[in-house]
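Since the structure comes first, as structure tokens, the remarks are kept for the end.
Throughout, residue positions are numbered sequentially from 1 according to the sequence presented.
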Amino acid sequence: MLRFSIMRSRKFRDTVFILHRYIGLAVGLLIAFVGLTGSLLVFKPEMGQFLITQQVGSIVPQLQMVSIDAVLKTAKSISANRPDLKLDSIRLPPTSDLPYEVGLFDAANQLTRIFIHPYTGAVMAWNQSDSSFERIILKLHYSLLLGRNGEIIIGMSGLLLFLLCITGLILWPGWRKLITGFKIKWDGHLKRVNFDIHKVAGVVTAIFLAFTAVTGFFWNFSDFSYPLIYAVTFTSEPPEVTSQVVTNQAPLKLSQLLQISNTVFPKAKTFSISIPSQPEDAVYIRKRQNHEMFYGGSGVYLDQYSGAVLREVNSLKLPLADSIFSAFEYLHYGTFWGLSSRVLYLFVGLSPTILLITGFVMYQYRYRKSKQKDVMAKPHLN
């Protein structure tokens with residue numbers, strides 16, 4: 001009975017090993033590429049701000065910024081002269097030395113940004129954002145620049161990476177003796193050193209790679225995964241919000257809507273404002289509370305005519321499914337421990353390349369060994 005249990009365990013590990021090996025060989029190069037681009041994107045917000053500064057030059061902070069209404073007026077005059085571009089949003093300057101950013105999309109959903117001086121209201125620069133460095137890296141990361149087909153490929157690769165993490169943890173030798181699983185015998189044979197690097201790099205980064213893999217898979221298949229998560233968590237999907245159109249009445253000014261949003265989130269910073277394209281559209285003002293990172297996870301939907309609060313999105317009081325979606329961002333971007341976890345994720349993104357190289361070397365050793373056995377097993381003719 002004991003022998004049967006041991007044999008069954010060995011067969012299980014052999015099956016797991018084969019699965020781990022061939023998934024790694026099949027998608028290892030692609031996962032390494034996604035990991036490297038992910039490392040470049042760890043500090044994407046800072047990289048984006050740096051590139052904007054390089055494009056528009058330095059801005060000297062002054063006492064008074066131009067109003068959001070003046071920025072909208074400039075944006076509308078620009079979009080009126082460019083009917084191929086639809087005005088989408090205005091992003092407020094995160095710091096006093098950065099410009100307003102006006103986002104516009106064309107018929108192919110390609111983003112163009114216009115940078116407006118925060119103190120003079122002058123147009124400083126145009127940016128074909130989907131051709132900018134950070135946007136190209138981002139699209140390579142989640143779609144290989146192949147559109148929806150690329151998203152499917154990357155999404156499935158994320159699922160396979162998750163399986164690699166699970167099978168790798170099962171095969172980790174540290175389950176028998178903990179110190180063995182974390183030890184690298186640097187003075188050993190090259191084959192041993194290579195194996196030790198693979199096992200240590202794998203176990204140290206496995207949980208974080210699994211986070212990025214699962215969240216990436218869910219994002220790339222959000223049409224399927226989001227309704228599923230709402231269903232399994234018994235969370236109602238939020239209804240669509242719309243403005244109540246008032247005939248012969250102009251929408252409220254953005255400055256008025258901003259004031260209303262500030263009463264809902266008095267201690268939060270405004271990140272961006274969506275610009276309605278239809279009379280019935282609501283205005284969404286995204287907010288960043290003190291505990292949130294970068295883009296902000298809170299906000300308020302307002303009726304553009306009455307200013308009535310249609311829906312409040314508070315990252316501290318989200319329904320279960322929305323809390324899971326919010327957690328995706330922390331787990332995928334590595335912002336859950338602030339700067340320290342972001343630096344960690346910089347190296348996590350490099351680990352698939354290390355694992356690919358060491359895994360391939362291990363495969364080569366085994367392949368040569370099996371070839372030698374085949375040669376030795378063949379009968380020699382005199």
Side-chain angles (χ1 to χ4, degrees), residues 44-45 47-59 65-95 97-140 142-143 145-148 150-151 240-243 245 248-258 261 270-286 295-296 299 301-305:
K44 181 180 179 294
M47 178 172 57
Q49 290 182 10
F50 172 77
L51 293 174
I52 290 171
T53 303
Q54 296 301 302
Q55 184 173 5
V56 304
S58 60
I59 295 175
M65 297 178 69
V66 296
S67 71
I68 191 70
D69 299 324
V71 175
L72 177 61
K73 183 178 180 181
T74 301
K76 284 185 174 180
S77 66
I78 292 172
S79 61
N81 295 324
R82 289 288 305 272
D84 58 315
L85 296 176
K86 185 177 75 172
L87 184 58
D88 179 75
S89 64
I90 298 175
R91 183 180 296 185
L92 279 66
T95 59
D97 59 349
L98 287 172
Y100 284 98
E101 296 180 31
V102 178
L104 306 99
F105 286 90
D106 62 16
N109 205 36
Q110 299 296 300
L111 172 66
T112 295
R113 287 184 295 180
I114 301 172
F115 302 110
I116 296 179
H117 198 289
Y119 303 104
T120 67
V123 175
M124 303 183 72
W126 288 65
N127 183 313
Q128 299 292 334
S129 294
D130 283 315
S131 300
S132 63
F133 176 74
E134 78 272 22
R135 292 284 293 184
I136 290 175
I137 296 298
L138 177 63
K139 288 196 169 187
L140 282 170
Y142 74 83
S143 71
L145 296 177
L146 297 176
R148 182 55 188 161
E151 291 178 9
E240 185 178 356
V241 292
T242 57
S243 295
V245 179
N248 299 324
Q249 178 180 323
L252 295 177
K253 293 181 178 180
L254 288 188
S255 57
Q256 294 174 295
L257 295 172
L258 265 179
S261 72
T270 301
F271 178 78
S272 65
I273 306 173
S274 68
I275 308 302
S277 59
Q278 301 296 330
E280 66 275 10
D281 288 345
V283 175
Y284 182 62
I285 301 180
R286 175 172 288 186
Y295 305 113
Y301 289 90
L302 299 173
D303 186 302
Q304 62 173 303
Y305 300 97

Is atom NZ of K86 surrounded by more than 12 heavy atoms (other residues, nucleotides or ligands) closer than 6.0 Å? no
Sequence neighbours excluded, the answer for side-chain contact (heavy atoms from CB on, under 4.5 Å) partners of E240 is T242
Not counting sequence neighbours, which residues clear ring pair (Phe, Tyr, Trp, His ring centres under 6.0 Å) with Y142? List them please. none
Looking at every non-hydrogen atom in both residues, tell me the closest pair between I273 and I68 and how far apart they are. CD1-CG1, 4.0 Å
Among all residues two or more places apart in sequence or in another chain, which pass the side chain to side chain donor-acceptor pair (under 3.5 Å) test with T53? none
Taking only residues two or more places apart in sequence or in another chain, which ones pass side chain to side chain donor-acceptor pair (under 3.5 Å) with D88? none
Taking side-chain contact (heavy atoms from CB on, under 4.5 Å) as the definition, give me every residue that meets it alongside Y284, ordered by chain and number, with sequence neighbours left out. S274, R286, Y301, V313
Measuring from atom NZ of K44 to atom CD of Q49, what distance do you get when rounded to the nearest 0.5 angstrom? 10.5 Å
Quick one: side chain to side chain donor-acceptor pair (under 3.5 Å) partners of S277, sequence neighbours excluded? D281
Roughly how far, to the nearest 0.5 Å, is CG of L252 from CG of D69? 10.5 Å
Which heavy atom of I59 sits nearest to which heavy atom of P99, and what is that distance? CD1-N, 3.7 Å
Are V102 and V71 side-chain neighbours, meaning at least one heavy-atom pair lies under 4.5 Å? yes
Side-chain heavy atoms of L104 within contact of R82, under 4.5 Å: no
Dump the intermediate steps for side-chain contact (heavy atoms from CB on, under 4.5 Å) on L92 and Y100, then the final yes or no. CA-CA 5 Å; L92 279 66; Y100 284 98; 4.1 Å; yes
Rounded to the nearest 0.5 Å, how far does CD1 of I78 lie from CD1 of I114? 3.5 Å
Write down the atom of S243, the atom of L302, and the distance for their closest heavy-atom approach. OG-O, 4.0 Å
With side-chain contact (heavy atoms from CB on, under 4.5 Å) as the test, would you mind laying out the steps for I275 and L72 before giving the verdict? CA-CA 9 Å; I275 308 302; L72 177 61; 3.9 Å; yes
Just jot down the ring pair (Phe, Tyr, Trp, His ring centres under 6.0 Å) partners of F115, sequence neighbours excluded, or say none. none
Do S67 and S255 come close enough that some side-chain heavy atom pair is under 4.5 Å? no
According to side-chain contact (heavy atoms from CB on, under 4.5 Å), who are the partners of F133, at least two apart in sequence or on a separate chain? M47, L51, I137
State, with a plain yes or no, whether a side-chain heavy atom of P118 is found less than 4.5 Å away from one of L98. no
With side chains defined as the heavy atoms from C-beta onward, is the minimum distance between L254 and I90 less than 4.5 Å? yes
Look up atom CD1 in I285 and atom OG in S89, then write down how far apart they are to the nearest 0.5 Å. 12.5 Å
Suppose we screen for side chain to side chain donor-acceptor pair (under 3.5 Å). Which residues come up paired with R113, at least two apart in sequence or across chains? E101, S129, E134
Taking the side chain as every heavy atom from C-beta outward, state whether R135 and L138 have any pair of such atoms under 4.5 Å apart. yes
What are the two closest non-hydrogen atoms of V66 and G121, and how far apart are they? CG1-N, 3.7 Å
Output all residues satisfying salt bridge (charged side-chain N to carboxylate O under 4.0 Å, His left out) with D97, sequence neighbours left out; order by chain, then residue number. none
State which residues pass side-chain contact (heavy atoms from CB on, under 4.5 Å) with Q249; sequence neighbours excluded, sorted by chain then number. V246, Y305
What I'd like to find out is whether the side chain of F105 reaches to under 4.5 Å of the side chain of Q110, using heavy atoms alone. no
Could you report the tightest heavy-atom contact between Q304 and P276, atom names first, then the distance? NE2-CB, 3.6 Å
Per the salt bridge (charged side-chain N to carboxylate O under 4.0 Å, His left out) rule, what does the pair list look like for residues 117-129, sequence neighbours excluded? none
If you take all heavy atoms of V56 and A125, which pair is closest and at what distance? CG1-CB, 4.1 Å
Distance (rounded to the nearest 0.5 Å) between M65 CE and T120 OG1: 11.0 Å
